[in-house]
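For reference, the structure is listed below as structure tokens.
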Amino acid sequence: MRGAKFLPTLTLSLVVAGAAASVAEAQTALDKVSFGTNWVAEAEHGGFFQALADGTYKKYGLDVTIVPGGPNVNNRILMTSGKIDFFMSANTLQQFDAVANNVPTVAVAAMFQKDPQVLIAHPESNVKKIEDLKPLTLFVSKEGMTTYFQWLKSEYRFDETKVKPYTFNSQPFLADTTSAMQGYVTSEPFAIEKQAQFKPTVVLLADNGFNTYSTLIETRRELTESKPDLVQRFVDASIVGWYHYLYGNNSAGNAMIRKLNPEMTDELLQYSVATMKQYGIVDSGDTLKDGIGAMSDARMASFFDKMVKAGVVKGDLDYRQSYTLRFVNKAVGLDLRPKN
């Protein structure tokens, strides 16, 4: 007591200031979060990199580490095993698969309202609508055959005998003007135009009824229950990052993408962003009122019914366990969309 009574005022001030600083530091400590993508860094991941590069995640109290995927990386397994917190799943079918295999994960946001999957044809084929692709030789990947092509068979009566394996090499397609190949609207048409010097015809499956969500944020169900505030902040910050990437100055996000993946040229990045905006890949439909990341029960039910009809999933699957609307449809970031 005596020492405290006669402690110099300056020393007391320093003690108080130090304690206040410690409290402030504790209050502003960032929560560490890890997010795994499903491929190498590219424009299709731009909103996440933008949120990291421009400080949006930090503003939401998050210290985010993005773990890029690739041909030899399985970030989804790392997420399900608890090694990382969130994963960028390709489409809704991955969530259905998780339920079918009793994997306790859940989709908490859908950053793409439209799957970027396309079929690409030569101008000589005079393709005007999706049915015009039926007489052509189709180059489809093994994964595509078990997913979207089954829907093409059930919905449009496509013929499996017309299909040849797609090995992610465009040369067989370029050599055959009566063929079409799969691709992403944000990349393969650009590469073909640069390589072969012609503008290919592009048919976006999403605009013809293949209404899966894409580029979803997936996490363990346990995390949504034990740390809902953390999940909400990551979802909200990612949404804001996508608005910034599409409509603001995205140079910081693109610089980070180029650093991680030097194959991403400025020209390709600009093309991909413009294409995402042109086709409404990220911002269209429900997002116009509910904000980027939106999901709906009706949309999930519709896609599930189509996949059951196509024989891709079983009808008794409890698909409602694959997602939650708890963290989306809150109109986050709507003020960041240009008025025009």
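No experiment lies behind these values; they were computed from the predicted model shown. Hydrogens, waters and symmetry mates play no part in the numbers below; they use all other heavy atoms, side chains included.
- Residues L93 and V312 are in side-chain contact: their nearest non-hydrogen atoms beyond the backbone lie under 4.5 Å apart.
- Tested against T92, the residues D115, N211, D97, T212 include a single side chain to side chain donor-acceptor pair (under 3.5 Å) partner, T212.
- Salt bridge K309/D305: absent, no basic N to carboxylate O contact under 4.0 Å.
- F198 and F173 have tilted rings, their planes meeting at an angle from 30° to 60° on a 0 to 90° scale.
- Put simply, the side chain of L205 reaches to within 4.5 Å of the side chain of I130, judged on heavy atoms.
- Looking at R220, its side chain does come within 3.5 Å of a backbone N or O of M79 through a donor-acceptor pair.
- Of the inter-residue distances, the one linking D236 atom CG with T56 atom OG1 reads 11.5 Å to the nearest 0.5 angstrom.
- In this model, no donor atom of one side chain and acceptor atom of the other lie less than 3.5 Å apart for N91 and S214.
- The aromatic rings of Y166 and F168 lie tilted to each other, with the angle between the two planes from 30° to 60°.
- In this structure, CG on D85 lies 10.0 Å from CG on D31, to the nearest 0.5 angstrom.
- At a cut-off of 3.5 Å, with distance as the only test, a side-chain donor of S89 or Q95 sits close to an acceptor on the other residue.
- Across all their heavy atoms, T186 and M276 have their closest contact at CG2-CG, 3.6 Å.
- Remark: side-chain polar atoms of H122 are paired, donor with acceptor, to backbone N or O of D176 under 3.5 angstrom.
- M88 and V103 fall into different hydrophobic clusters, where Ile, Leu, Val, Met, Phe, Trp and Tyr are joined by side-chain heavy atoms under 4.5 Å apart, directly or via other members.
- Counting heavy atoms from C-beta on, the side chains of P189 and Y271 come closer than 4.5 Å.
- The minimum heavy-atom distance linking M111 with I217 is given by the pair SD-CD1, 3.9 Å.
- Considering all non-hydrogen atoms of both residues, G183 and Q117 come closest at O-NE2, 3.1 Å.
- Between the OG1 atom in T224 and the CD atom in Q232 there is a gap of 11.5 Å [rounded to 0.5 Å].
- Side-chain contact of Q270 with D266: a donor-acceptor pair under 3.5 Å is absent, judged by distance alone.
- Ring planes of F49 and H45: parallel class, angle under 30° (limits at 30 and 60°).
- Annotation: E143, atom CD; neighbour count of heavy atoms from other residues, nucleotides and ligands within 6.0 Å does not exceed 12.
- Within 6.0 Å of NZ in K227 there are 12 or fewer heavy atoms belonging to other residues, nucleotides or ligands.
- N250 contributes no side-chain N or O that, together with a main-chain N or O of G253, makes up a donor-acceptor pair within less than 3.5 Å.
- Look at E155 and K306 and you find no salt bridge, because none of the NZ, NE, NH1 or NH2 atoms lies under 4.0 Å from a carboxylate O.
- Counting only distance, with no hydrogens or angles, the side chain of Q278 and the backbone of A274 share no donor-acceptor pair below 3.5 Å.
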_As a quick check of understanding, evaluate side chain to side chain donor-acceptor pair (under 3.5 Å) for D54 and H244, giving each step before the final call._
CA-CA 9 Å; D54 69 11; H244 287 165; 3.0 Å; yes
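- Note: the hydrophobic cluster containing V73 does not contain I66 (ILVMFWY, side chain heavy atoms under 4.5 Å, direct or indirect links).
- Of all the heavy atoms in P68 and L260, the pair that sits closest is CG-CD1, 4.2 Å.
- When the side chains of ILVMFWY residues are joined at heavy-atom separations under 4.5 Å, either directly or via intervening members, L174 and L138 end up in a single hydrophobic cluster.
- There is a path of hydrophobic side-chain contacts, each under 4.5 Å, that joins F96 to V308.
- Shown here is E124, whose CD atom has more than 12 heavy atoms of other residues, nucleotides or ligands within 6.0 Å.
- Looking at heavy atoms from C-beta onward, R258 lies out of side-chain contact with E263 at the 4.5 angstrom threshold.
- Considering F234, F86, F35, F48 in turn, F234 is the only one that fulfils the ring pair (Phe, Tyr, Trp, His ring centres under 6.0 Å) rule with Y57.
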*Given side chain to side chain donor-acceptor pair (under 3.5 Å), test S272 with E42 step by step and report yes or no.*
CA-CA 9 Å; S272 297; E42 55 189 357; over 6 Å; no
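- Within a 6.0 Å sphere centred on NZ of K134, heavy atoms belonging to other residues, nucleotides or ligands number more than 12.
- Rounding to the nearest 0.5 Å gives a distance of 8.5 Å between CD1 of I257 and CD of Q50.
- Pairing each heavy atom of M295 with each of A109, the nearest pair is CE-N, 3.7 Å.
- A 4.5 Å side-chain heavy-atom check between Y213 and F112 finds every atom pair outside the cut-off.
- With Y243 contributing its side chain and I292 its backbone, the two residues share a donor-acceptor pair below 3.5 Å.
- Taking the side chain as every heavy atom from C-beta outward, T65 and K32 never approach each other to under 4.5 Å.
- Classification of E131 and R157 as a salt-bridged pair fails, no side-chain N sitting under 4.0 Å from a carboxylate O.
- The closest donor-acceptor contact from the side chain of T37 to the backbone of W39 lies under 3.5 Å.
- K129 and D132 are joined by a salt bridge, as a carboxylate oxygen and a charged side-chain nitrogen come within less than 4.0 angstrom of each other.
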_side chain to side chain donor-acceptor pair (under 3.5 Å) between D283 and Y247, worked out_ = CA-CA 11 Å; D283 195 12; Y247 304 120; 2.7 Å; yes
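- In this structure, N208 contributes its side chain and L204 its backbone to a donor-acceptor pair below 3.5 Å.
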_Between D207 and K114, does the salt bridge (charged side-chain N to carboxylate O under 4.0 Å, His left out) criterion hold? Intermediate values first, please._
CA-CA 8 Å; D207 285 344; K114 296 182 182 181; 2.9 Å; yes
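- Of the inter-residue distances, the one linking E218 atom CD with N75 atom CG reads 11.5 Å to the nearest 0.5 angstrom.
- You'll find the side chain of S179 stays beyond 4.5 Å of the side chain of L136, heavy atoms only.
- Taken from OH in Y319 to CG in D297, the straight-line distance is 7.0 Å, to the nearest 0.5 Å.
- Across every non-hydrogen atom of R76 and A98, the tightest pair is NH2-CB, 3.5 Å.
- Side-chain contact check for T167 and N169: no donor-acceptor pair (N or O, by modelled atom type) lies under 3.5 Å.
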*Begin with the C-alpha distance, continue with both residues' side-chain angles, and end with the deciding distance and a verdict on side chain to side chain contact (heavy atoms under 4.5 Å, CB included) for I84 and L78.*
CA-CA 6 Å; I84 59 178; L78 294 180; 4.0 Å; yes
*Tell me, with the steps shown, if S284 and Q113 meet side chain to side chain donor-acceptor pair (under 3.5 Å).*
CA-CA 7 Å; S284 62; Q113 291 299 296; 5.8 Å; no
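- K289 places no side-chain N or O within 3.5 Å of a backbone atom of G285 that could act as its donor or acceptor partner.
- Counting heavy atoms from C-beta outward, F190 and I192 have side chains that stay 4.5 Å or more apart.
- The hydrophobic cluster containing V67 does not contain M256, counting ILVMFWY residues as joined when their side-chain heavy atoms lie under 4.5 angstrom apart, directly or transitively.
- Checked by atom type and distance alone, the side chain of Q150 pairs as donor or acceptor with a backbone atom of M145 at under 3.5 Å.
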*Test side chain to side chain contact (heavy atoms under 4.5 Å, CB included) applied to V108 and V106, step by step*: CA-CA 6 Å; V108 294; V106 61; 4.2 Å; yes
